[in-house]
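If you're wondering where the values come from, they're calculated on a predicted model, not measured in any experiment.
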Amino acid sequence: QLQPGQLGFRVAERVLRGIWLSLETQACALRSCHARRDPNSNTSFGASFGAILSDGPGHSWKGQPIGYGDVLVFGQASHDYTLPAGSLRLGIDVAPELAHQAGLTALPAGIWRTDTARYDQMVTLCLQLLARPDATCPPAQIMSTLLGALSQPAGFDPHARYGTLRRAEDYLGSIGWDKALAVDDMSAALGLSRRTLHRAFDDILGMGPASYIRLVRLHRFHTLLKSGAGHSSVTQAALDAGFDHFGRAARYYRTHFGRLPKEVGRLPKP
């Protein structure tokens, strides 16, 4: 969750003989990291696809813009995409056997451009199936409509600024997100100018490095509050998440999540 306030996540779902359709939206900007599950697992999908149904800027896959008319193919590669507030997304997940039969598992991961008319046909069909629980459709028809919409792969390579962002995140992970660190020190350690580093974070996440580090700590704080494991108090959880002052941590937390830390977890009050 990249913005303060209630996430407001909503999803409508429909399962149709080996195909799972979903329509998702959320009230706040969101960063979503997706890694395909183990293909040998009984719970994994053979192929997964995503389509953006809302207009406007702010949708990107590893820094590459995506919009209405693009299909995101979730293959074996990891995925990392940002979504603005109010983003509306269609998901199509296909069972392994059906995906193999349709040749979907051979599609390269990344952004695919589409034929506009066939894309609209695919979206209309999926939305009708989601809106009407009594509606039926052969899986082969859904697969043929999806394959007919896909035109050509594009944007498989992450944007250069995404590479900078990931380098910075790897560095922060290596030293610990809870460690005090000046942005200038991180720039020097990565051999980058402060401007280059700030632009990478701002272009992809909509905030500078310092704000993002605080955001990660807030989410770590939130996770510790919910789990309660290994922490004696709410104050200790805030310190372990990387904050050096509980009062500021509590204010940041309330602004972002809309409630006080003591109202969330199982830990005793400070």
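- Checked by atom type, the side-chain pair Thr82/Ser60 shows a donor-acceptor distance below 3.5 Å.
- Each of Thr114, Asp120, Thr116, Asp115 was compared with Arg118 under the side chain to side chain contact (heavy atoms under 4.5 Å, CB included) criterion, and only Asp115 meets it.
- Using a 4.0 Å cut-off between a side-chain N of Lys or Arg and a carboxylate O of Asp or Glu, Arg161 and Asp203 qualify as a salt bridge.
- Taking a 6.0 Å sphere around CZ of Arg10, one finds it holds 12 or fewer heavy atoms contributed by other residues, nucleotides or ligands.
- In this structure, Arg89 and Leu23 have side chains that are not in contact, with every pair of non-hydrogen atoms separated by 4.5 Å or more.
- Taking all atoms of both residues into account, the shortest heavy-atom contact from Gln64 to Asp157 is NE2-O, 2.9 Å.
- Here the side chains of Ile52 and Leu83 are in contact, with some heavy-atom distance below 4.5 Å.
- Residues Glu169 and Leu165 meet the side-chain proximity criterion, which asks for heavy atoms closer than 4.5 Å.
- Annotation: the span from Gln141 atom CD to Ile19 atom CD1 amounts to 10.0 Å, rounded to 0.5 Å.
- A side-chain donor-acceptor contact under 3.5 Å links Thr25 to the backbone of Ser87.
- Every residue two or more places apart in sequence or in another chain was checked for a ring-ring contact (aromatic ring centres under 6.0 Å, His included) with Trp177, and none qualifies.
- By the 4.5 Å heavy-atom criterion applied to side chains, Leu127 and Leu53 are counted as neighbours.
- Phe9 is listed as a side-chain neighbour of Glu24, based on a closest heavy-atom distance under 4.5 Å.
- Put simply, CG on Leu129 and CG on Asp134 are 10.0 Å apart, with the number rounded to the nearest 0.5 Å.
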Take Arg259 and Gln6 through the side chain to side chain donor-acceptor pair (under 3.5 Å) test and state the conclusion after the steps. CA-CA 10 Å; Arg259 47 186 171 169; Gln6 293 295 318; over 6 Å; no
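- Cluster membership check: Leu215 shares its hydrophobic cluster with Leu181, using side-chain heavy-atom separations under 4.5 Å among Ile, Leu, Val, Met, Phe, Trp and Tyr.
- Judged by distance alone, the side chain of Asp70 and the main-chain N or O of Gly67 form a donor-acceptor pair under 3.5 Å.
- Between Ser233 atom OG and Phe246 atom CZ the span is 8.0 Å, to the nearest 0.5 Å.
- A donor and an acceptor atom, one from each side chain of Asp93 and Ser48, are located under 3.5 Å apart.
- Residues Leu98 and Val73 share a hydrophobic cluster, clusters being chains of Ile/Leu/Val/Met/Phe/Trp/Tyr side chains in contact below 4.5 Å.
- Side-chain contact between Met186 and Tyr171: present, with at least one pair of heavy atoms (C-beta onward) separated by less than 4.5 Å.
- Atoms OG1 and CG, from Thr164 and Leu190 in turn, are 8.5 Å apart once rounded to the nearest 0.5 Å.
- By the rule that hydrophobic residues join a cluster once side-chain heavy atoms approach within less than 4.5 Å of another member, Leu239 and Leu225 end up as members of separate clusters.
- Side-chain contact between Leu192 and Arg167 is present, with heavy atoms from C-beta onward closer than 4.5 Å.
- Using a 4.5 Å cut-off on side-chain heavy atoms (C-beta onward), Leu90 and Leu130 make contact.
- For the atom pair CG (Leu72) and CD1 (Ile92), the distance works out to 12.0 Å, reported to the nearest 0.5 Å.
- One finds no salt bridge joining Arg217 and Asp178 here, because no Lys/Arg side-chain nitrogen approaches an Asp/Glu carboxylate oxygen to under 4.0 Å.
- Smallest separation of non-hydrogen atoms from Cys137 and Arg17: O-NH2, 3.9 Å.
- Distance CG/Asp80 to NZ/Lys62: 7.0 Å, rounded to 0.5 Å.
- Cys28 and Gln1 make their closest contact through SG-NE2, 4.0 Å (heavy atoms, listed as atom of the first residue, atom of the second, distance).
- Contact between Ala85 and Ala27 at its shortest, heavy atoms only, is CB-O, 3.2 Å.
- In this structure, the ring of Tyr81 has its center no less than 6.0 angstrom from the ring center of His59.
- Following chains of ILVMFWY side-chain contacts shorter than 4.5 Å, one cannot reach Leu172 starting from Leu218, and the two form parts of different hydrophobic clusters.
- Without hydrogens or angle criteria, Glu263 side chain to Leu260 main chain gives a donor-acceptor distance under 3.5 Å.
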Show your reasoning for whether side chain to side chain contact (heavy atoms under 4.5 Å, CB included) applies to Ile142 and Leu16. CA-CA 10 Å; Ile142 300 176; Leu16 292 155; 4.2 Å; yes
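- Shortest non-hydrogen contact noted between Phe243 and Ala249 is CG-CB, 3.6 Å.
- The ring of Tyr253 has its center closer than 6.0 angstrom to the ring center of Phe221.
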Dump the intermediate steps for side chain to side chain contact (heavy atoms under 4.5 Å, CB included) on Glu13 and Val11, then the final yes or no. CA-CA 6 Å; Glu13 302 173 337; Val11 59; 3.7 Å; yes
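- In terms of heavy atoms, Ala168 sits closest to Leu197 at CB-CD1, 3.9 Å.
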Decide side chain to side chain contact (heavy atoms under 4.5 Å, CB included) for Arg220 and Val216; before the verdict, give the C-alpha distance in whole Å, the side-chain angles of both, and the deciding distance to 0.1 Å. CA-CA 6 Å; Arg220 288 164 61 90; Val216 171; 3.8 Å; yes
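- Aromatic ring centroids of His219 and Phe257 lie under 6.0 Å apart.
- If you look at Tyr68 and Tyr119, their ring centroids are closer than 6.0 Å.
- A side-chain donor-acceptor contact under 3.5 Å links Arg31 and Tyr212.
- Both Ile213 and Tyr162 belong to a single network of hydrophobic side chains, linked directly or stepwise wherever heavy atoms of I, L, V, M, F, W or Y lie under 4.5 Å apart.
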Could you check Phe49 against Leu107 for side chain to side chain contact (heavy atoms under 4.5 Å, CB included), going step by step and ending with a plain yes or no? CA-CA 11 Å; Phe49 306 87; Leu107 296 177; 3.9 Å; yes
